[in-house]
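Input: a single structure, listed below in structure tokens.
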Amino acid sequence: MTFELENKKRCRSLSDQHLLARFHPKNPIITKPYVHEDIAVAFENVKRDDDYAIKLGWTHIIIAHLIREIEFEQVQQLPVQDLSKKLKIL
């Protein structure tokens, strides 16, 4: 049972990575008017010496606000011609 659960998690993780590789931001630059004030507060308060959990919390705040402002588009990919590469993708 544990092996099956780990295998499902691993497959899902690889699937998520493949999904992320197929998209990119239309405009990766977010200008100042679109930057939420919580982001500035997070950058001011995060310290190099902070505990990992605290850094992770500030990072979550930053990403949560920024992801709302980013529009993604799908990357056009060429079809795979090599059979061995096709088998790896599946």
How long is the gap from CD1 on I61 to CG on L56, to the nearest 0.5 Å? 10.5 Å

Using a 4.5 Å cut-off between side-chain heavy atoms of Ile, Leu, Val, Met, Phe, Trp and Tyr, which other residues end up in the same hydrophobic cluster as V75? none

When rounded to the nearest 0.5 angstrom, what is the spacing between NZ in K47 and CH2 in W58? 8.5 Å

Please tell me whether I29 and V35 are part of a single hydrophobic cluster in this structure, the criterion being side-chain heavy atoms less than 4.5 Å apart. no

Taken to the nearest 0.5 Å, the spacing of D49 CG from I54 CD1 works out to 11.0 Å

Distance col, row H24:NE2 vs E71:CD, nearest 0.5 angstrom, shows 11.5 Å

Within one Ile-Leu-Val-Met-Phe-Trp-Tyr cluster: I30 and F72, side-chain cutoff 4.5 Å: yes

Nearest heavy atoms of K55 and R48, plus distance in Å: NZ-O, 2.8 Å

Near F43 CZ, under 6.0 Å, is it more than 12 heavy atoms from other residues, nucleotides or ligands? no

So the side chain to side chain donor-acceptor pair (under 3.5 Å) pairs with at least one residue in residues 31-45 (sequence neighbours excluded) are D38-H65

